[in-house]
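Here's the structure we're looking at; comments come further down.
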2 protein chains.
Amino acid sequence: MICHIDPSNGIPIYEQIERQVKFAVANGSLLVGERVPSVRDMASQAAVNVNTVARAYRELQQQGILHSIRGTGLAIATDAPEICRHSRLNLIRERLRSVLQEAFQNQISADEIRTLVDEQCALLNQQPPASNQLNS
Amino acid sequence: MICHIDPSNGIPIYEQIERQVKFAVANGSLLVGERVPSVRDMASQAAVNVNTVARAYRELQQQGILHSIRGTGLAIATDAPEICRHSRLNLIRERLRSVLQEAFQNQISADEIRTLVDEQCALLNQQPPASNQLNS
DNA sequence: AATACTGTAATATGTATCTATTACAGTGAG
DNA sequence: CTCACTGTAATAGATACATATTACAGTATT
């Protein structure tokens with residue numbers, strides 16, 4: 001899989017990696033038993049430090065999404081698809097809630113919000129669908 | 001004015017203060033020439049350090065939204081309403097774009113997004129409208 | 001003049017994130 | 001066995017954010 005890091009969106013890099021692994025599992029882009037890219041591969045693809053990837057993988061292990069195969073790598077755990085399918089919308093919902101809360105607190109109407117949403121949906125649909133490929 | 005700080009939304013506190021002053025100006029809650037709460041008042045109301053408020057005010061000065069009256073305080077500048085009315089939707093648009101970009105990159109459909117938006121609009125409408133009052 | 005406010009600045013401390021680098025033990029293929 | 005790969009750990013350094021504390025100069029009120 002390929003990770004797209006946005007260094008300027010306020011979300012820590014290790015957490016962005018975490019989230020994208022979860023989405024990939026929920027999408028079926030990563031299957032149970034399949035190995036995730038090695039920390040060094042992922043780090044070089046994402047132009048990020050190895051420690052940062054290692055932290056993401058560590059937290060994914062603690063959540064039961066990855067399990068370690070000693071000396072070989074990290075693989076998608078059996079329970080991962082269920083966990084990640086459940087997380088899929090929640091990850092977006094939480095971020096969305098935070099934005100809309102600020103909007104409502106500052107007198108922006110639901111109509112204005114819906115207009116902004118439609119506008120951004122149109123813009124993002126035109127862009128390349130950010131190919132979520134598997135790795136080698 | 002009263003500031004609502006969310007320590008867990010990834011936006012630095014000084015920037016949250018900055019944004020809320022801009023919204024208040026755009027809304028007409030703060031009028032040209034009116035004084036903004038003193039750094040010490042704002043800090044105690046928001047349960048935040050004085051330096052953090054001072055940083056927000058400093059950046060608002062650099063943007064031409066506040067101007068200093070020596071020994072007396074900071075007041076809303078003449079150009080502030082125009083600047084802030086222009087910023088109003090853009091501040092939300094940028095945060096929204098970031099969230100929707102992540103959603104689209106991870107195969108969440110526009111329909112799913114719109115469902116989430118409507119769901120959150122309904123939830124937030126039920127809550128107290130977060131009174132954006134002027135101070136004493 | 002004295003007092004109580006303004007903003008502003010300097011200093012030190014703590015925490016979180018990220019980087020760079022080095023090292024080590026386990027695994028598998030040649 | 002050797003070599004190249006795994007994850008993992010330890011260390012050190014940089015930066016950003018926020019805190020606590022102290023201090024100072026300007027202004028207005030009494």
Side-chain angles (χ1 to χ4, degrees), chain A residues 1 3-21 30 33-77 80 98 135-136, chain B residues 1 3-21 30 33-77 80 98 135-136:
Chain A
M1 67 171 295
C3 256
H4 306 275
I5 300 302
D6 179 355
S8 66
N9 71 358
I11 302 181
I13 296 176
Y14 71 88
E15 202 177 320
Q16 293 187 41
I17 296 172
E18 235 183 293
R19 295 169 71 93
Q20 293 189 32
V21 169
L30 287 173
E34 188 176 356
R35 282 187 41 213
V36 92
S38 80
V39 288
R40 291 171 180 84
D41 279 355
M42 178 70 97
S44 92
Q45 282 172 14
V48 145
N49 192 271
V50 178
N51 299 325
T52 305
V53 179
R55 174 160 181 187
Y57 285 178
R58 192 201 323 146
E59 309 221 355
L60 287 167
Q61 285 184 69
Q62 290 169 351
Q63 297 169 26
I65 291 169
L66 294 182
H67 71 98
S68 170
I69 310 178
R70 288 176 306 162
T72 296
L74 296 170
I76 307 297
S98 175
N135 64 329
S136 58
Chain B
M1 68 170 294
C3 256
H4 306 274
I5 300 303
D6 178 357
S8 66
N9 70 358
I11 302 182
I13 296 176
Y14 72 87
E15 202 177 321
Q16 293 187 42
I17 296 172
E18 233 183 295
R19 296 168 69 93
Q20 293 190 33
V21 169
L30 287 173
E34 188 175 357
R35 281 189 41 213
V36 93
S38 82
V39 289
R40 291 170 179 85
D41 280 354
M42 178 71 97
S44 93
Q45 281 172 15
V48 144
N49 193 273
V50 179
N51 300 324
T52 305
V53 179
R55 172 158 183 188
Y57 285 179
R58 190 200 326 146
E59 309 222 353
L60 287 167
Q61 285 184 69
Q62 290 169 352
Q63 297 169 27
I65 292 168
L66 294 183
H67 72 99
S68 171
I69 310 179
R70 287 175 307 161
T72 296
L74 296 170
I76 308 298
S98 176
N135 63 331
S136 56

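In what follows, every chain begins at residue 1, and chains take the letters A, B, ... in the order their sequences are listed.
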(message) How many whole angstroms separate atom CD1 of A:Ile5 from atom C1' of C:dC18?
(response) 12 Å
(request) Please state how far atom CD1 in A:Ile17 lies from atom P in C:dT17, giving the value in whole angstrom units. (result) 13 Å
(request) Would you check if the side chain of B:Arg35 reaches a backbone N or O of B:Thr72 as a donor-acceptor pair within less than 3.5 Å? (result) yes
(message) Check the phosphate of C:dG7 against B:Ser68, side-chain N and O only, distance under 4.0 Å to OP1 or OP2. Yes or no?
(response) no
(request) For C:dG7, take OP1 and OP2 only and decide whether either is under 4.0 Å from a side-chain N or O of B:Gln61. (result) no
(message) Are B:Ile17 and B:Ile5 packed together at the side-chain level, in the sense that at least one heavy-atom pair is separated by less than 4.5 angstrom?
(response) yes
(request) Could you grab the distance from atom CD of B:Gln45 to atom OG of B:Ser38, nearest 0.5 Å is fine? (result) 8.5 Å
(request) Write down the distance between CE (A:Met42) and C1' (D:dT8), rounded to a whole number of angstrom. (result) 17 Å
(request) Identify which nucleotide among C:dC18, D:dG7, D:dT27 has an atom closest to any side-chain atom of B:Thr72, counting heavy atoms from C-beta outward. (result) D:dT27
(message) Let's see if you can work this out: which of D:dT8, C:dT8, C:dC18 has an atom nearest to the side-chain heavy atoms of B:Val39?
(response) C:dT8
(message) From CD1 of A:Ile11 over to C1' of C:dA16, roughly how many Å is that when rounded to an integer?
(response) 16 Å
(request) Nearest-nucleotide wise, let me know which of B:Val50 and A:Gln16 is further upstream toward the 5' end of DNA chain C. (result) B:Val50
(message) Tell me the closest heavy-atom pair linking A:Met1 and A:Gln20, and the distance in Å.
(response) CE-O, 3.6 Å
(message) Return whichever of A:Asn51 or A:Leu74 has its heavy-atom-nearest nucleotide of DNA chain D closer to the 5' end.
(response) A:Leu74
(request) Determine whether any donor atom in the side chain of A:Arg70 lies under 3.5 Å from an acceptor atom in the base of C:dG28, or the reverse, and answer yes or no. (result) no
(message) Taking only side-chain N and O atoms of A:Tyr14, does any of them lie within less than 4.0 angstrom of OP1 or OP2 on C:dT17?
(response) yes
(message) Taking only side-chain N and O atoms of B:Asn49, does any of them lie within less than 4.0 angstrom of OP1 or OP2 on D:dA18?
(response) no
(request) Measure the NE2-CD1 distance between A:His67 and A:Ile69 for me, rounded to the nearest 0.5 Å. (result) 5.0 Å
(message) Taking only side-chain N and O atoms of B:Thr52, does any of them lie within less than 4.0 angstrom of OP1 or OP2 on D:dT19?
(response) yes
(request) Select base, sugar-phosphate, or nothing to describe what A:Ile13 touches, counting heavy atoms under 4.0 Å on all strands. (result) sugar-phosphate
(message) What is the separation between atom CD1 on A:Ile69 and atom P on D:dC5, rounded to the nearest whole Å?
(response) 19 Å
(message) Let's see if you can work this out: which of C:dT6, D:dA18, D:dT6 has an atom nearest to the side-chain heavy atoms of B:Arg40?
(response) C:dT6
(request) Using whole Å, report how far NE2 of B:His67 lies from P of C:dT6. (result) 17 Å
(request) Report the distance from atom CZ of B:Arg58 to atom C1' of C:dA9, rounded to the nearest whole Å. (result) 10 Å
(request) Figure out the CG/P separation between B:Leu66 and C:dG7, and round it to whole Å. (result) 10 Å
(message) Below the 4.0 Å mark, does C:dT17 have OP1 or OP2 next to a side-chain nitrogen or oxygen of A:Arg55?
(response) yes
(message) I'd like to know whether B:Gln16 forms a side chain to side chain contact (heavy atoms under 4.5 Å, CB included) with B:Cys3, so could you lay out the CA-CA distance, the side-chain angles of the two residues, the decisive distance to 0.1 Å, and finally the verdict.
(response) CA-CA 8 Å; B:Gln16 293 187 42; B:Cys3 256; over 6 Å; no
